[in-house]
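No experiment lies behind these values; they were computed from the predicted model shown. Numbers restart at 1 for each chain; the letters A, B, ... are given by sequence-line order, proteins then strands.
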Amino acid sequence: DAMVIQNPRYQVTQFGKPVTLSCSQTLNHNVMYWYQQKSSQAPKLLFHYYDKDFNNEADTPDNFQSRRPNTSFCFLDIRSPGLGDAAMYLCATSRDTLAGGLGDTQYFGPGTRLTVL
Amino acid sequence: DQQVKQNSPSLSVQEGRISILNCDYTNSMFDYFLWYKKYPAEGPTFLISISSIKDKNEDGRFTVFLNKSAKHLSLHIVPSQPGDSAVYFCAARLTGNQFYFGTGTSLTVIP
C-alpha cells in the first residue's frame with residue numbers, strides 16, 4: 001500500500017520554465033516536508049507544513065514555493081529552475097511532533113528526480 | 001554548515017559480522033536521533049531512533065548508541081545480512097519539525 005506518493009518520478013524541465021512537483025499521502029499526517037537532495041549530499045529540508053502553517057527554512061531560495069491545499073496533498077513549485085536546482089526532491093510526512101512526544105518518524109515518498117536542461 | 005556528519009561514505013562487511021555506522025553532530029539542542037535506510041530508487045525508510053535522554057536503544061539486530069558528551073551516535077547491525085546492503089542516513093531533530101540529515105553511508109554486506 002502506497003503511503004506517500006510522489007508524481008512524477010522523473011521530471012525534465014527547461015532552464016527558467018516553471019515546474020510543479022506533487023506529493024500525496026494516505027496517512028492523514030499533520031506534517032508534510034519537502035527535501036532537496038543533490039548527488040552525494042544530505043537531504044536538505046526546504047520547508048514543511050504543520051497542518052496549514054507554512055514553515056520555511058531560512059536558507060531556502062525564494063525560487064521555491066509550496067502549497068498545501070488539503071491534508072493529503074502538497075506541491076513544490078519551482079518558479080524559475082536553474083541548472084543548480086537539478087536534484088532529487090523528497091516529500092515526507094509525520095504525525096504531530098509538537099505534542100510533547102519524544103518524536104515521530106517521517107515517512108518518505110520515493111522522490112522525484114528533476115533534470116534541468 | 002553541516003550539523004550532522006557521516007564521515008564514512010562507504011563500508012563493507014562480511015555476512016554474519018557486525019556493521020558499525022557512525023554519525024557525529026554539532027548542535028547540542030538536538031533532542032531526537034534517527035537512522036534511515038535507503039534502497040536505490042526508493043525513499044528513505046525509518047529504521048530505529050533514540051531520544052536524547054537515552055544512551056541505547058535496541059530493536060532486533062539493530063542497536064543505536066548515543067554519546068551526548070561526544071556528540072556521537074552509532075548504529076550497530078549484528079549479524080549483518082546481505083539484505084542490509086543499502087545507504088544509511090543519520091538524522092537529528094530540533095524540537096519541533098526540523099530534521100537534519102547526514103550525507104549517508106553506503107553499506108555493502110558481502111555474502
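The cluster map of Ile, Leu, Val, Met, Phe, Trp and Tyr, joined by side-chain heavy atoms under 4.5 Å apart, puts A:Ile78 and A:Tyr35 in different clusters. Taken together through direct or relayed side-chain contacts under 4.5 Å among Ile, Leu, Val, Met, Phe, Trp and Tyr, A:Leu46 and A:Leu83 form part of one hydrophobic cluster. Using a 4.5 Å cut-off between side-chain heavy atoms of Ile, Leu, Val, Met, Phe, Trp and Tyr, with links allowed through other members, A:Leu21 and A:Met32 fall into different hydrophobic clusters. Side-chain heavy atoms closer than 4.5 Å link hydrophobic residues (I, L, V, M, F, W, Y) into clusters, and following such links, even through other members, never connects A:Val31 to A:Leu76. In the hydrophobic clustering of ILVMFWY residues, with side-chain heavy atoms under 4.5 Å counting as a link, A:Val116 and A:Tyr10 come out apart.
Looking at B:Tyr36, B:Phe99, B:Phe89 one by one, the single match for ring-ring contact (aromatic ring centres under 6.0 Å, His included) with A:Phe108 turns out to be B:Tyr36.
A ring-ring contact (aromatic ring centres under 6.0 Å, His included) check over residues 39-69 of chain B, counting only residues at least two apart or in different chains, returns the pairs B:Phe65-B:His76. Listed by first and then second residue, the ring-ring contact (aromatic ring centres under 6.0 Å, His included) pairs involving residues 51-76 of chain A are A:Phe47-A:Phe54, A:Tyr49-A:Phe54 (not counting sequence neighbours).
Around CG of A:Asp62, the count of heavy atoms belonging to other residues, nucleotides or ligands within 6.0 Å does not exceed 12.
Taking both residues in full, the closest heavy atoms of B:Leu34 and A:Thr105 are given as CD2-CA, 4.1 Å, listed atom of the first, atom of the second, then distance. Of all heavy-atom pairs spanning A:Pro43 and B:Gly102, the tightest one is CD-O, 3.8 Å. Here the shortest heavy-atom pairing between B:Ala41 and A:Pro110 reads O-CB, 4.3 Å.
Taken to the nearest 0.5 Å, the CD atom of A:Gln37 stands 6.5 Å off from the NZ atom of B:Lys38. Interatomic distance, CG of A:Leu90 versus CZ of B:Phe101, reported as 8.5 Å (0.5 Å rounding). Atom-to-atom distance recorded for A:Glu57:CD and B:Gln98:CD is 4.5 Å, nearest 0.5 angstrom.
Under the disulfide (SG to SG under 2.5 Å) criterion, A:Cys23 pairs with A:Cys91, not counting sequence neighbours.
Neither the backbone nor the side chain of A:Arg113 comes within contact range of chain B; no heavy atom of the residue lies under 4.5 Å from a heavy atom of that chain. No part of A:Gln6 comes within reach of chain B, as not one of its non-hydrogen atoms sits under 4.5 angstrom from that chain.
Among the residues in residues 6-19 of chain B, none has a non-hydrogen atom closer than 4.5 angstrom to a non-hydrogen atom of chain A.
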